[in-house]
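Here is how names work: the chains are called A, B, and so on, in the same order as the sequence lines, proteins then strands, and each is numbered from 1.
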Number of protein chains: 2
Amino acid sequence: MKKKILISDIAKQLNVSITTVSFILNGKAKEKRISDELTARVLKFVEEVGFKPNQLAQSLRTGKTKTIGLMVEDISNPFFASIARLIEERAYKEGYKIIYCSTEDDTAKTQELISMFRDMHVDGYIITPPEGVKEDLKKLISDGFPVVLVDRQIRGVDTHSVVVDNYSGTYSATSHLIRQGYKNIAFITIDSKQSQMVQRLEGYTKAIEENQLNTNILEVLYHQSASQMIQHIASFLGERKEIDAVLFATNYIAVRGLEAINQLDLISLAPNFGVVSYDDHDVFTLVRPTITAVAQPTEAIANHVIDIMLNLLNIRTKSTQAETLVLPTRLITRSSTPLKKVVQ
Amino acid sequence: MKKKILISDIAKQLNVSITTVSFILNGKAKEKRISDELTARVLKFVEEVGFKPNQLAQSLRTGKTKTIGLMVEDISNPFFASIARLIEERAYKEGYKIIYCSTEDDTAKTQELISMFRDMHVDGYIITPPEGVKEDLKKLISDGFPVVLVDRQIRGVDTHSVVVDNYSGTYSATSHLIRQGYKNIAFITIDSKQSQMVQRLEGYTKAIEENQLNTNILEVLYHQSASQMIQHIASFLGERKEIDAVLFATNYIAVRGLEAINQLDLISLAPNFGVVSYDDHDVFTLVRPTITAVAQPTEAIANHVIDIMLNLLNIRTKSTQAETLVLPTRLITRSSTPLKKVVQ
DNA sequence: GTGAAAGCGCTAACAC
DNA sequence: GTGTTAGCGCTTTCAC
């Protein structure tokens with residue numbers, strides 16, 4: 001197989017024209033009224049010699065690469081990894097390849113990636129956008145590319161998006177903590193104005209206020225090292241001994257927060273220290289106590305995203321109404337949020 | 001930017017020929033003795049209008065896609081994720097794109113991926129091969145593609161590879177446990193004949209034998225669910241109360257093994273139960289006790305791999321001698337391997 | 001039903 | 001030093 005076989009070789013071997021072979025290969029045999037006999041003969045031969053059309057030539061000619069660009073915040077985060085896997089699987093079944101990358105929530109990197117994807121001629125874009133890429137997205141859309149936003153939205157960008165009900169997620173997590181008897185619940189989040197983070201904060205705040213409790217909010221920086229974040233959380237928690245529970249706004253903050261809690265020996269010192277994380281994570285069942293979490297429906301998210309994308313890709317009409325799909329979260333209660341014993 | 005600008009547009013605008021523009025764009029201005037003045041003028045214009053050559057056309061013409069296919073066992077495993085990231089970063093700086101995929105250590109999937117990469121016309125292949133792909137790799141190599149194997153080798157495949165000294169890794173981990181006073185050390189690994197797994201087993205066995213101890217080996221199945229694996233490990237450990245330490249052959253076995261150990265309450269029941277994992281993992285500093293691990297030099301691995309690949313890609317000579325690079329591991333001692341107290 | 005031929009956008013051998 | 005032109009391998013219009 002050193003020597004690449006071409007469509008012209010097929011045609012020559014079979015004594016038919018290139019056109020005929022191409023039509024058959026592209027499933028247009030019926031449409032072009034090519035005899036079943038010939039169709040079968042060509043297909044059989046193609047199969048035998050293992051001919052595969054050159055994708056580059058095909059793409060250059062048709063303008064389609066059958067490739068979808070997928071940009072998530074961080075592919076090493078189990079939440080995004082899981083979504084990416086599911087999307088890839090579905091896409092693959094439909095004959096699409098997925099190229100994925102992590103934005104690291106960095107505006108410049110994301111812009112570069114978008115530009116790289118354009119250069120690669122991807123047919124569609126699935127993105128968890130960081131802040132500051134509004135104009136880039138609008139450009140993509142106005143240039144006619146299918147764009148589906150995941151996990152978060154950008155105000156003013158008119159395109160499809162699939163998100164979860166962040167507000168209810170943190171609202172119910174906070175309510176759960178309150179019901180379990182915790183009174184001083186901290187919310188540890190990141191310094192981000194992204195829609196999903198804002199909504200998570202709102203859900204927490206609402207639940208706290210409804211119960212006439214006080215909010216305790218810490219915003220750590222996204223772009224800082226793990227150890228810095230741990231330190232930051234540890235000093236916050238260390239200074240406020242009155243805090244008896246904490247809700248982490250993402251799983252990676254929680255993982256680092258747990259490290260801080262370990263360092264402070266918070267749980268062993270106060271056996272009734274409550275912990276909840278937004279986003280589930282494998283390690284939450286590994287550590288003791290196991291950690292209560294707000295699970296996001298990764299499968300549903302992935303399925304909806306790819307459905308919408310495939311639809312956009314196949315439909316001629318440019319003008320599908322942009323719609324936002326909001327999926328529910330689910331609180332998984334584990335041992336980190338026990339009923340708080342009242343100490344006299 | 002709705003309308004794509006072409007190289008012919010540039011030529012027309014500037015009143016020069018397409019060739020000239022192409023030469024300048026490809027850095028052959030000097031070589032073709034094009035005036036500095038013209039070169040500068042073209043470059044300036046190209047910059048201004050934001051012209052980017054169509055990669056598809058370029059690739060079709062040159063036969064090069066400036067893309068490297070990277071297939072790791074499991075991109076969600078921190079070890080592979082970290083290597084992939086580092087490779088991607090370096091490759092990107094050299095003007096190469098990386099397409100990555102997980103083989104899941106599945107022969108058929110890997111073959112499909114290799115075929116997909118061929119279809120995509122990647123310029124080179126970086127692979128952590130599962131069993132059973134020997135012929136596919138040989139084919140790739142004999143067809144002239146640069147192939148670099150990582151983490152494991154395949155006997156009889158004559159190509160470059162970067163691996164670590166697995167034997168010494170488990171040997172020193174086992175020796176460490178013995179030195180700490182453990183007498184019944186189990187080795188929990190997977191049912192794989194891959195080079196790296198075989199070597200890890202050998203290192204363990206050697207250390208055990210040198211000390212006239214008994215081996216306790218459990219092979220779990222790679223392709224089974226997490227809970228099945230946990231169950232499997234738990235029943236093994238539960239049945240053999242004499243085991244006082246365990247060395248896990250990979251980080252994901254260790255993570256599941258820890259779950260099993262938790263279920264059995266092994267560490268709290270026997271405070272001197274020793275645990276070591278081959279491969280480090282973030283959670284090993286999160287759980288209590290923190291887990292001693294054999295760390296692999298991911299950075300060095302990634303750097304060597306990409307160095308070799310770039311070299312292969314740039315050098316004309318097909319006949320670079322295939323060589324295997326063996327990197328050392330490092331034992332990170334944490335609290336899961338305390339000096340064993342002798343109980344009278 | 002089938003074939004000839006015009007590109008898709010670029011590179012580079014060859015001519016001048 | 002610069003321009004003409006023949007492809008890279010495929011799809012698809014148009015003619016027969």
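Under the side chain to side chain contact (heavy atoms under 4.5 Å, CB included) criterion, B:Lys52 pairs with A:Ser115, A:Asp119, not counting sequence neighbours. Under the side chain to side chain contact (heavy atoms under 4.5 Å, CB included) criterion, A:Glu47 pairs with no residue at all, not counting sequence neighbours. Here B:Arg61 pairs with nothing under the side-chain hydrogen bond (donor to acceptor under 3.5 Å, both in side chains) rule; sequence neighbours left out. For A:Gln111, the side-chain hydrogen bond (donor to acceptor under 3.5 Å, both in side chains) partners are A:Asp136, not counting sequence neighbours.
In this structure, A:Leu60 places its CG atom 9 Å from P of C:dC10, rounding to the nearest Å. Going from atom CD1 of B:Ile34 over to atom P of C:dA12 covers 13 Å, rounded to whole Å. Atom-to-atom, NZ of B:Lys66 to P of C:dC10 comes out at 17 Å; the value is rounded to the nearest Å. Counting to the nearest Å, the P atom of C:dG9 and the CD atom of B:Gln58 are 13 Å from each other.
Taking the 5' to 3' direction, DNA chain D first and last meets chain B under 4.0 angstrom from a heavy atom at D:dG1 to D:dG9.
In the interface, the side chain of B:Arg61 is not paired with the base of C:dG9 through any donor and acceptor atom under 3.5 Å apart.
One N or O on the side chain of B:Thr128 and one on the backbone of B:Glu73 form a donor-acceptor pair closer than 3.5 Å. Put simply, the side chain of B:Ser102 never gets that close to the backbone of B:Glu104: no donor and acceptor are under 3.5 Å apart.
A cation-pi geometry, defined here as NZ or CZ lying under 6.0 Å from the six-membered ring centre and within 45° of its normal, does not hold between B:Lys28 and B:Phe23.
Checking B:Lys32 against B:Gln55, the closest nucleotide of DNA chain C that is more toward the 5' end is the one next to B:Gln55. Sequence order on DNA chain D of the closest nucleotides to B:Thr62 and B:Ser35 puts B:Ser35 first from the 5' end.
Near DNA chain C, meaning a heavy atom under 4.0 Å from it, residues 10-28 of chain A has A:Val16, A:Ser17, A:Thr19, A:Thr20 in order of number.
In this model, no donor atom of one side chain and acceptor atom of the other lie less than 3.5 Å apart for A:Gln194 and A:Asp151.
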